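These values consider heavy atoms only, across backbone and side chains, with no hydrogens, waters or symmetry-generated copies. Everything quoted here is computed from the prediction, not taken from an experiment.
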Amino acid sequence: MTTAPWRDHALPAAARVDDLLSRMTLEEKTAQLYGVWVGASTDGDGVAPHQHDMSVDHDWDELITRGLGQLTRSFGTAPVDPALGAQALARAQRRITEAGRFGIPAIAHEECLAGFTAWQATAYPVPLAWGATWDPPVVEEMARRIGDDLRSAGVHQGLAPVLDVVRDPRWGRVEETIGEDPYLVGTVGSAYVKGLESAGVVATLKHFAGYASSAGARNLAPVRAGVREFADVTLPPFEMALREGGARSVMAAYTERDGVPASADPELLTGLLREEWGFTGTVVADYFGIGFLQTLHRVAGTPAEAAHAALTAGIDVELPTLKCYGDPLPAAVRSGQVPEDLVDRAARRVLLQKCELGLLDEDWTPEPAAAVNLDSTGNRILARRLAEESVVLLDNPDGLLPLAPDTRIAVVGPRAADALAMLGCYSFPSHVLTHHPDVPAGIEIPTALDALRTEIPDAKVTFAQGCDVTDPDTAGFEEAVARTAEADVCVAVLGDRAGLFGRGTSGEGCDATDLGLPGAQGELLDSLIATGVPVVLVLLTGRPYALGRWHGRLGAVVQAFFPGEEGGPAVAGVLSGRVNPSGRLPVSVPQVPGGQPWTYLQPPLGLAGEVSNLDPTPLYAFGHGRSYTTFAWEDGTGGEEPAETGTDGSYDVSVTVRNTGEREGAEVVQLYLHDPVASVTRPDMRLIGYQRVAAAPGEAARVTFRFHADLSSFTDRAGRRVVEPGALELRLAASSADVRHTARLTLTGPVRVLGTDRRLRCETEVSGVE
C-alpha cells in the first residue's frame, strides 16, 4: 500500500499540505475555513452577541462529507459531564473523519480565559487578577494546567488570552484584561501563552486590535485611538505574545478604527501581522465577526461580499459557524466574485496548523488518553496561590487588619454569601449555567462568608445581605445596620455580578455609565460607616470603582478582582493575617465616579493642572498595594551626574530591598521611564520593568534591571519607531505614584530607527544580600 505524500511523516509540513490541497475540491477547501456550533441556542439569551439572529441551520450529516475546519465549544455550550463530553467529542471526530474523503478531523476549540470554560472545570481568577499578582511564572503554570485539561478532553485550541489594554474602566470587559499598562499586559499575557502552548494547545490572542479603546466604553463601539496610541499602547502586548510567547493564532476584533473594521483590514491582518511581524499561524474571526461586516458595519452587502472582504484582509477561519464561508463562499468563487487563491491561502494555513497538531497523521486518534479530571487537587492549589497573590490591600491606616481571632464580626453585603461573586463572566457557572438554573455549579466555591467562618473559627460571625447588587431597594439596610452595631468590626463585601449583555454589572456587554458602585451599595456602605463601628470594605469586582467618597472613613480596604473558586479562602486569609497581601493594582482606582476615561499613561496635559478644575489623579495609583510587613529600599542606582550611553546602549539600574518587618512578605519593585523632552508628547511615566521579590524578616535582595535604549522607543511623527537622544529618568518605584529612587541617564548619538528585532523586555536579575 502506497501512502499519499500528504500522509508521509518524512516530508516537510508544507509539502504535505501542498499535496493535500491539490487533491481537494473547492467545497472541501472551504470546509476547512469554518466551524460548526452544535447545540447553540438561537434564542435571545445566548453567550455571543447576536447569537439569536446570526446562527445558521445545516444538515450535519451532509455537511461533514466535505470535511470540517473547527468544532465550536463542545464543552462550553451546555453542562456536560467532562468524561462523557470527551467521549462524545471523540465520536463526533470519528464521524467527521469517516464522512470525508480525506479523513481529516476538526480542530476543537473552547474558551479558556479563566480556566477551561466547561462544567466541573477549575475556575481560576480572571485576567485582571493575574495582572494584580505581577507574577508571570505562576500565570504560566496556570495556563499549562489549563492546556493539559483541554488536551485531556480532546480540545486543540483555546480562545485566550485577552491582550486588550484598559483605556476606559467603564468598559464591561475590563475583568478580561490584564491591566492598563501595555508592558504588564504583554509580560503576563506572554506567560499565559507560553503555558498554554507548552501543553500543545494553540493559544489565540484577542482581540486584534483596539477593542478596548471603544468610544464611551461601549462594547463594539468605534475605536477612536490615534496612530501613536495604537502603535505604542494597543499593539505591543500582541507583538510580545507572538515573539516571546509563540502564539499560533490571532482573533480579529469586532471593532472598527477610523472607519475600517478589523475583520476587513488587510493592513492590520496581513501587512502588519504577517508581513512585518512574520506571523505564520491562523487568524480566526471573533464569533459572527465576518457576518457583522454586513449586518453591523455595513461595509458588505451580502454574506459573500463579507467573506471576500474577510479573506482579503487575512481571516482564515470563520467562527463560530458557517454564515459566510459556508455555501456563499464557493458560489462566489465560481461566479468570479472571489479569487480561489484567497481560499487556497487560508486553507493552506489551516491545514498547516492541523499538520502541526498531528491531525493529518494516519495514527491520530480522538479517544482520550487518560481519565478526564478538570478540577484536580493540583489545580485548586494553584488557583488558591494565584488568588492569594492577587488580593490587593489598598488601605489599612490604623492596622485594623489582620482581624483579631476572637472578635465579633458582622459580615454585610450582597457579595458575601453568593459563590458567583468570586467568578468572572467567562467562568462556566456565570457564562453558561445561568441558562440551566437547576444544574449545580459542579465545583466547590466557598463564599466569602463561609470562608471567613472557617478561617476564624473563634470569631462570632453574623450576616445580613443589606441590599442586592443592582436593586435600589434599601429595605435590608435596617438589619445590616443592626448586625453591625452589635459587632466589633463590620466586613462589608460589595461589588459586581458578572454576566453577559446587560445581565450583569461586569462582563461582555455590561458597560457602566460611571464608576460608582452598582445599585444601592454605596448608600449601604454609608449606613454601615455611620454606626461608628470600624468597617473593612472588601470589593469583589471586575473593574475598579471610585472610592474617594469613603476615603479616610474606612478601617481597611481590600480589593479582589473576581478571584476564582478559591477566592473566598484567599480573601479570608488576608483578613485573618494567614496571608500577607502582596497584590498590586493593575489598574488605577479613581477618586470620583466621573472624569473618565483615565489611566496613568498620560502626557502632561492629561494630568492635574491649572487648565481644568477637574483633577483626574487616582485615589490609589497603578502599581499600589500594601503589606503586613515593611520594606526598606536601599542603595538605589543614581548619582549627582547623569550616566551616559548610546541610543543603542544599555544601563543597569539596581536597588536593594530589605524586609524590615516581622513576617515574610513580597515587594514588587517597579521600573518606570520618564522622558522629559521628546518630538511627540509622551506619558509622564510608563512601566518598562518589574520584579516580584519575596523575603523573610531581615532578608534582603538586590534587584537589577538591565535597561536597554530600545525600551525608550516610541512612534514618531513619521510613523517610525525610534530611539531619540537626550535625557531620561529611570524611576524605581513602589507604584506609579511612589518613586523611591531615580537614576538619570543621557542617551547620546543619532536618532535610531528600530525594526521588529527590537528588545521588548527589560531583563532582571535578583541576588541575595548579606
Undergrad: Whether R543 and E175 form a salt bridge (side-chain N of Lys/Arg under 4.0 Å from carboxylate O of Asp/Glu) is what I want to check.
TA: no

Undergrad: Looking at the rings of H297 and F292, which for Trp means the six-membered one, are their centres under 6.0 Å apart?
TA: no

Undergrad: Inspect the contact between D232 and R721 and indicate whether a charged nitrogen and a carboxylate oxygen are less than 4.0 angstrom apart.
TA: yes

Undergrad: Taking atom types as modelled and ignoring hydrogens, do the side chains of T204 and Q157 form a donor-acceptor contact shorter than 3.5 angstrom?
TA: yes

Undergrad: Check this for me: does any side-chain nitrogen of one of R167 and E180 sit under 4.0 Å from a carboxylate oxygen of the other?
TA: no

Undergrad: Whether D327 and R66 form a salt bridge (side-chain N of Lys/Arg under 4.0 Å from carboxylate O of Asp/Glu) is what I want to check.
TA: yes

Undergrad: What are the two closest non-hydrogen atoms of L423 and S427, and how far apart are they?
TA: CB-OG, 3.2 Å

Undergrad: Checking side-chain contact (heavy atoms from CB on, under 4.5 Å) between E176 and each of D164, L128, L113, which is the one that passes?
TA: L113

Undergrad: Do R348 and D344 sit within salt-bridge range, that is, some charged N less than 4.0 Å from a carboxylate O?
TA: no

Undergrad: Think R257 forms a cation-pi with F230, using NZ or CZ under 6.0 Å from the six-ring centre and within 45 degrees of its axis?
TA: yes

Undergrad: Assess whether a salt bridge exists between E239 and R243, defined as any Lys/Arg side-chain N lying under 4.0 Å from an Asp/Glu carboxylate O.
TA: yes

Undergrad: Is it the case that the side chains of S249 and T282 hold a donor-acceptor pair, with the cut-off being a distance below 3.5 Å and no angle test?
TA: yes

Undergrad: Could you check whether D511 pairs with R173 (Lys NZ or Arg NE/NH1/NH2 to Asp/Glu carboxylate O, under 4.0 Å)?
TA: no

Undergrad: Quick one: are the ring centres of F75 and W119 less than 6.0 Å apart?
TA: no

Undergrad: Salt bridge check: are R334 and E340 linked by an N-O gap of less than 4.0 Å?
TA: no

Undergrad: Assess whether a salt bridge exists between E318 and K323, defined as any Lys/Arg side-chain N lying under 4.0 Å from an Asp/Glu carboxylate O.
TA: no

Undergrad: Ring centroids only, cut at 6.0 angstrom: are Y211 and W171 within range, meaning strictly under it?
TA: yes

Undergrad: Ring centroid separation for W130 and Y124, is it under 6.0 angstrom?
TA: no

